[in-house]
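From a predicted model like this one, the values you see are computed outputs, not experimental measurements. Here is the naming used below: chain letters follow the sequence lines, and residue numbers restart at 1 for every chain.
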Protein chains: 2
Amino acid sequence: MRTDEIRPKNNSTIAVEKLRDLIFSGALPAGSNHLETELAKRLGMSRTPVREAALTLEAQGLVAVQARKGVKILPISVRDMEEIYDVLTALESMAARQAAEQAYGYEDLAALAQTITDMEAALGENDRDHWAVADDNFHTELVRLGGNRRVMSTVAMMADQVRRAKAVTLYLRPLPSQSNEDHRAVLEAIAKGDPARAEEVHRMHRLEAKDTLIALLTQSRLQML
Amino acid sequence: MRTDEIRPKNNSTIAVEKLRDLIFSGALPAGSNHLETELAKRLGMSRTPVREAALTLEAQGLVAVQARKGVKILPISVRDMEEIYDVLTALESMAARQAAEQAYGYEDLAALAQTITDMEAALGENDRDHWAVADDNFHTELVRLGGNRRVMSTVAMMADQVRRAKAVTLYLRPLPSQSNEDHRAVLEAIAKGDPARAEEVHRMHRLEAKDTLIALLTQSRLQML
DNA sequence: GCATACATTAATGTATACATTGTCAAGAAT
DNA sequence: ATTCTTGACAATGTATACATTAATGTATGC
């Protein structure tokens, strides 16, 4: 759960951010263990805020803290990926439906439209990294339009958990050119106020994405570390 | 996220349990603030494990920790209830579908059937408390049969958040006699391996439950503290 | 009399010392 | 040689002392 509210910048929250960066950058590889003392030295603070940050990240499903074994960066298995994609499918589809129910105007949908434009631009330049960022923004903005804060935080948590895996697979698969038609279709359904279509199109989009990714992972026998 | 794994019984986890009990029993009323020092004295331990427990509970959406204002027991608004019920509807319906896809035998479904029997028994004796427990067990067992651990933990979190509100409304509404037919229908659909029907019946069941509860809350103008 | 500035205080945030406990290794006995 | 036991060590878990900071109250000046 994202606790990105008006929390002050104490060392504990700074530790959360820094540890997240270290995890996503691969500096702390999945499956590895790290003692609290080491992490504290690395972050330039005492054990207390580091320990608190570790507990927060544990609640978010990114690490596990084990006595005398340190903080373990949780690996992600294919089974985990399936679980996460199923949750994302269910929640995002509902968000798409509820977004379409709210009679948003073009003003409100500008941000969502922008992410699609960004994806198309990135596709044109064969820029996978920017495409991934824009795709992430699309999903984030979609659930924001859905208006359910708990869906937002849950989706954000799950997206975090697969972020590292996506970085690995991003360059394995063909460029997702089909994807953009789906995105536009979802946007249009929301703009036209067609909840059933918005939900269904997005659900299909998600199911395809899941199948593609799972197939890729199973074929390449990647141990998602 | 339920961290009910093999975690050792350290004071930190004990503090989580005790604080949860205090919250659910109403000893710590919703909306109230409590200083870390007071809570520590109350639980018979130092501030450190109490503070860690507060952070865990914050990640679970039960409290908010604010500098110099202590640990705030989060109140639940009608809007919150709607959000939570929508998430539960989406995730539990998917769980019902996936449970039906797994060709469970009668052995596997015995626990689920038992919760329905319990609910019927409680209804017969007009025992709302036992009915509520059995109903809780039904939903827990359903998502367990779905097989997605992330759905399990997310549903458990959301169920926790509405637990206090349910205690309030339990004696306001009429006895849910209709409910049991729905439960049996879901069980049968899973036993027969009919995913579409399992999902749809449960979704309808959830939507009705939501409408009933929201209507009740709005009418009685309950400030869900 | 009101406003502003400063001081006091009380609570969180942090560091560190200490207690507890599991792990690992070394040695002895079978 | 292998296994069991024992002990030292090292890392977490906990308590507490200390630093920081925001809020409140008081005093002073305008």
Side-chain angles (χ1 to χ4, degrees), chain A residues 1-23 27-74, chain B residues 1-23 28-29 31-74:
Chain A
M1 183 168 300
R2 274 245 165 74
T3 51
D4 296 345
E5 304 192 2
I6 14 168
R7 290 285 287 271
K9 279 283 182 177
N10 48 24
N11 276 354
S12 193
T13 60
I14 292 176
V16 170
E17 294 170 10
K18 287 193 176 179
L19 286 177
R20 283 170 52 92
D21 288 344
L22 289 174
I23 293 171
L28 301 180
S32 62
N33 290 83
H34 305 273
L35 303 179
E36 293 177 0
T37 310
E38 292 177 25
L39 292 176
K41 200 188 303 174
R42 193 163 186 168
L43 301 188
M45 52 186 76
S46 80
R47 271 181 57 215
T48 306
V50 171
R51 188 177 163 77
E52 291 179 352
L55 289 173
T56 299
L57 293 175
E58 180 178 52
Q60 295 177 2
L62 286 179
V63 307
V65 303
Q66 298 166 306
R68 275 159 217 85
K69 296 195 173 181
V71 178
K72 175 170 189 168
I73 315 300
L74 287 180
Chain B
M1 181 168 299
R2 275 248 165 72
T3 50
D4 298 346
E5 303 192 3
I6 13 165
R7 289 286 287 269
K9 279 281 182 179
N10 50 21
N11 276 355
S12 193
T13 61
I14 291 175
V16 170
E17 294 171 10
K18 287 192 175 180
L19 286 178
R20 282 170 54 92
D21 289 345
L22 289 174
I23 292 172
L28 301 180
S32 61
N33 290 83
H34 305 273
L35 302 180
E36 292 177 0
T37 310
E38 293 176 26
L39 292 176
K41 201 188 303 174
R42 194 164 185 166
L43 301 188
M45 53 185 75
S46 80
R47 271 180 58 215
T48 306
V50 171
R51 188 178 163 77
E52 291 179 354
L55 289 173
T56 299
L57 293 176
E58 181 177 52
Q60 295 177 2
L62 286 179
V63 307
V65 303
Q66 298 166 306
R68 275 158 217 82
K69 297 195 171 180
V71 177
K72 175 170 190 167
I73 315 300
L74 285 181

Rounded to the nearest 0.5 angstrom, the CD-CZ distance for E17(B) and R20(B) is 8.5 Å

How many Å lie between NE2 on H34(A) and C1' on dT12(D), as a whole number? 17 Å

Value in whole Å for how far the P atom of dT12(D) lies from CG of N33(A): 10 Å

Do L22(A) and R42(A) touch side chain to side chain, with heavy atoms closer than 4.5 Å? yes

Side chains of L55(B) and L55(A): does their closest heavy-atom pair fall under 4.5 Å? no

Footprint string (nucleotides 14-22 of chain C, 5' to 3'): B base within contact, S backbone only, - free, heavy atoms under 4.0 Å: BBB---BBS

Answer whether the closest heavy-atom distance between the side chains of L28(B) and V63(B) falls below 4.5 Å. no

Provide, to the nearest angstrom, the distance between the CD atom belonging to E58(B) and the P atom belonging to dT12(C). 13 Å

In this structure, how many angstroms lie between the P atom of dC9(D) and the CG atom of L35(A), rounded? 18 Å

Would you check if the side chain of E58(B) reaches a backbone N or O of V65(B) as a donor-acceptor pair within less than 3.5 Å? yes

Minimum side-chain heavy-atom gap V71(A)-L19(A) below 4.5 Å: no

